[in-house]
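I have placed the structure first, in the form of structure tokens, so that the comments after it can refer back to it.
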2 protein chains.
Amino acid sequence: MLPLVALSVLVAVSPAIAVWPLPRQYSTGTTPLRLSPAFHIDLSGIHGAPQDLVAAVARTSNYLRNDKLQALVPDRGASSGNAIRGAKSLNSLTVSLTTSGKVRSISEEAVDDVESRVESYTLTVPADGSPASLKANSTLGLFRGLTTFGQLWYDLNGATYTLEAPFNIVDSPAYPYRGFMLDTARNYFPVADIKRTLDAMSWVKINTFHWHVVDSQSFPLVVPGYTELSQKGAYSAAQVYTPADVKDIVQYAAARGIDVMAEIDTPGHTSIIAKAHPEHIACFEASPWTQFANEPPAGQLRLASSATTNFTTGLLKAAASMFQSKLFSTGGDELNANCYAKDNATQADLAAQQKTLEQALDTFTQATHAGLREVGKRAVVWEEMVLDHQVTLANDTVALVWISSEHVASVAQKGYKLVHAASDYFYLDCGGGGWVGQNVLGNSWCDPFKTWQKSYSFNPTANLTAEQSKLVLGGQHLLWTEQSGPANLDPIVWPRAASSAEVFWSGPGGDVGKALPRLHDVAFRFQQRGVRAIPLQPLWCALRAGKCDLNA
Amino acid sequence: MLPLVALSVLVAVSPAIAVWPLPRQYSTGTTPLRLSPAFHIDLSGIHGAPQDLVAAVARTSNYLRNDKLQALVPDRGASSGNAIRGAKSLNSLTVSLTTSGKVRSISEEAVDDVESRVESYTLTVPADGSPASLKANSTLGLFRGLTTFGQLWYDLNGATYTLEAPFNIVDSPAYPYRGFMLDTARNYFPVADIKRTLDAMSWVKINTFHWHVVDSQSFPLVVPGYTELSQKGAYSAAQVYTPADVKDIVQYAAARGIDVMAEIDTPGHTSIIAKAHPEHIACFEASPWTQFANEPPAGQLRLASSATTNFTTGLLKAAASMFQSKLFSTGGDELNANCYAKDNATQADLAAQQKTLEQALDTFTQATHAGLREVGKRAVVWEEMVLDHQVTLANDTVALVWISSEHVASVAQKGYKLVHAASDYFYLDCGGGGWVGQNVLGNSWCDPFKTWQKSYSFNPTANLTAEQSKLVLGGQHLLWTEQSGPANLDPIVWPRAASSAEVFWSGPGGDVGKALPRLHDVAFRFQQRGVRAIPLQPLWCALRAGKCDLNA
């Protein structure tokens, strides 16, 4: 371990490292170094290196060869040509594990309990051409280090170089949960889009894919034993995720250090289930929808019905069993009481059981969550289940705070672990105009657009006591897809979603002015790798750090 | 000509035609009709059909075969299967000119004076399978009619069909100028992106590509005789538009009925010229830029210098001569007086000539515009040249109203022809967050996001007298590209820019609720043709017209 104080001092000297998220501790130098044409990543020190680590090394080698990212300076590095040609060559990166136990794969470690994952690593790149070294206690940590190594290099006429050797990096995440949520129900995304997104997530060390897979509009998930739901509720026979697709996505994610936390939102947001099971849905497509749901079509599970409770528990168990993650979200947002008030079946059930709606919701939730526990899952819920309802939740329940960042303290007061997902900071869909029809001048409900600067300025422990702060697992950006599809997935997400990735890996308090040049690097490197990240500024500005600042 | 009253009555009966922009007069029926596998477009009635018309017919035939757009209804047309299988087949569309003069090409007619272009056509598709008929007085009109014909059809299992035959369409534009502006200076767009955009523009009958080709940040245009500007001022040697590229783009546009109105913004927005000609630029990259320019880098042409005036005139003449259009924009927006106040050279010139800055601007503008007239061009300017400065402009000068739609009446009062380009309705970049650095919570200067509904609600003659209303040539959407590049060109533009295309073709006053289903059709057909238009709603809504309206 390098002395931390010395590292901190060095940071002040060379802030130019382009790694995103910024390593927790690092130093850089001023010596040019290039990758040898024979450069290789050496895994020989790891006996029985798992296949996904071997594959990660191969991908890293590909990026090193093919990124061909020119430095973001006016001459794109040309004036450093002599220095680069005369630089020492790096022949290898030696990868090793610092524990002697059984070697576990990245994929196994990626789905460990969120609080117990080990993602730390140490990366040293000497300036003299002697072998670079990557060490970690876990293959997951090695994967994070490989990701960092892949961001150190630029291209000049085919030479892969840095001007900042030596590098000494000691890194680990500030928070164990760094996520990204995608809604595949409002509009469908082919598996290829999800995989490309998983790759992009891994490049900024995001470790959780919160998959809001179904909702009132469509049910694309093919759940064994419940295939009628997707048969009747998917947008088309082609717009589904089969068990094989899910397995493929889960494996693809895990090999990239990403846990897939799926969600089947209940008891609201379930209208489409009525296509196969009308008996389970109250106020199905009731009109006007504004009285029965936050968006069309209306329809909620008949939570007071024991048949519906059993059906839902079975569905959740079957769906959750498709995923390796310990976490599974049962949703619980935007419950509409009027829907149940107007539903004769629910009213009859409540009367027969002499329960209030809240009591029935408690019974329903306890049943579904018990089902999840039976299959080894830990429940995740939207904030209303903690703040707005009288529901008994297990102590290990995770709450997603979405309505407002101002609700965080209230959730923490209740003592639940929480994930930041506040619409006022992290909703990627805001600011694009209202999508509801016949709404001439309507802008989106969560205006304005959430800039990367806004989310970058987020403080995860604002208004929390030191003890409450320990409840924060991390946070995430979210894409609700009322106005998104494959056409704009990349540009609406990237590079913005990288800003929360850095807040929750490197810790808060970063300066947007210092971050911007590195975020340009993220966007341009993503483009080189086939992800359509948008430019944050005119190229003139991107090539001249600081020159387009407000007071430059 | 069909009786207009009868047509109007029929419109009320069948509002479902998906053509965009909506034809000025049309009727539809309720008879299924399918395209015969042997369907062909017959040009034999036109002796010496120009090559670009033959090519347009080939493209239309390709779209008919390859769009494979399923109807936007819940079952995607499946329940109409029997009706479609039993439908009469259409074997041909007969295309003919209704004038006997010399046949001119689409490309020639597309660059006619904007006020004299003939784009009207008549399209008849009988329900009984007898040949459809497309007639016009111009090949440009025939091209518009082919575009309409290509939007009438859906796919069901390989059958190309409509359920709405017969069609009787009599169409012509409400306004002669329907444009789209792209800025290729803040960020560069490869020729392929521009061509794809031209195709998309033509699909909604946009007829002018306002090409804001250079600006302070980069000079990608290779101008014969002035090649040092792009050599020193392009972002890279690859990020340029050569004379061959320009010719290619101009021809590609013209063959699609689009006039390319280029712009070299002067005397502001010219900082990058200093890279090759420092002698012509005042306050070059002066700091803080906020005092010298509306965005970095600062730099303006030394308008009081006769050498600079001659240089600019020569440059504009050479640049304008690369384009066929009669229109050429000299810009004239956002002139910064402080830049000249602090420029010793300009102050010396003004003193020597005993002129005020405004008098020098007048001399400069008269000289550059006279140069344009020498090469057969008509000047286009941003509104400030009309409203804010004491500049003598030719009567035929066209003003682009951009700062606010509230300035339209003032421009009209001055008697100039005008094009609507107001930031409060038509700026596609608004609402995406501020791009200036170190601006933590800054949103864009022209917040909020301009929804398609907002631009669709625009009234081109608001606050104008009947006489002033005749000055309105039309209008356009605009994309300034501080935060755009190839990565998000399609999704930020489409289908939003189609809304102004309909306002200025079909006329204002359209209902957003009725328009939305047709605009979905535009977005989905664009996607089928390879343009990444975004979904405006969840697919559930797109398949159920009206069900997601505010009061549904």
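These numbers come from the heavy atoms of this one structure, side chains and all, not from hydrogens, waters or symmetry mates. Quick note on labels: first sequence line is chain A, next is B, and so on, each numbered from 1.
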Is the centre of the Phe458(B) ring less than 6.0 Å from the centre of the Tyr425(B) ring?
yes

Validation row, ring centre Tyr188(A) to ring centre Tyr241(A) under 6.0 Å
yes

Is it the side chain or the backbone of [X] that comes within 4.5 Å of chain B heavy atoms, both, or neither?
X: Cys541(A); answer: side chain
X: Asp75(A); answer: neither
X: Pro297(A); answer: both
X: Ser218(A); answer: neither
X: Ala542(A); answer: neither
X: Leu550(A); answer: both
X: Gln291(A); answer: neither
X: Asp490(A); answer: neither

Give the member of [options] that has the highest number of heavy-atom pairs under 4.5 Å with chain A.
options: Gly433(B), Gly431(B), Gly432(B), Ser287(B); value: Gly432(B)
options: Gln537(B), Lys454(B), Arg544(B); value: Gln537(B)
options: Ser484(B), Ala533(B), Ala515(B); value: Ser484(B)
options: Ile492(B), Asn439(B), Leu516(B); value: Asn439(B)
options: Thr451(B), Ile272(B), Val436(B); value: Val436(B)

Which class fits the ring pair Tyr456(B) and Trp452(B): parallel under 30°, tilted 30 to 60°, perpendicular over 60°?
perpendicular

Could you walk me through whether Gln438(A) and Val512(B) pass the side chain to side chain contact (heavy atoms under 4.5 Å, CB included) check?
CA-CA 6 Å; Gln438(A) 277 295 17; Val512(B) 294; 3.5 Å; yes

Just give me the residue among [options] that pairs up with chain B most often, heavy atom to heavy atom, under 4.5 Å.
options: Pro296(A), Gly513(A), Pro535(A); answer: Pro535(A)
options: Asp447(A), Ile534(A), Val531(A); answer: Ile534(A)
options: Leu539(A), Asn488(A), Asn187(A), Leu543(A); answer: Leu539(A)

Carboxylate-amine/guanidinium proximity below 4.0 Å for Asp193(B) and Arg196(B)
yes

Flag the pair Lys547(B) and Glu285(A) as a salt bridge only when some basic side-chain nitrogen lies within less than 4.0 angstrom of an acidic carboxylate oxygen.
no

Tyr154(B) versus Lys68(B): any side-chain heavy-atom pair under 4.5 Å?
no

Side chain to side chain, Trp435(A) and Leu536(B), heavy atoms closer than 4.5 Å:
no

Take Asp215(B) and Arg186(B) through the salt bridge (charged side-chain N to carboxylate O under 4.0 Å, His left out) test and state the conclusion after the steps.
CA-CA 7 Å; Asp215(B) 207 295; Arg186(B) 273 54 179 253; 3.5 Å; yes

Measure from the side-chain N and O atoms of Asp511(A) to the backbone N and O of Lys514(A), and report whether any donor-acceptor pair falls under 3.5 Å.
yes

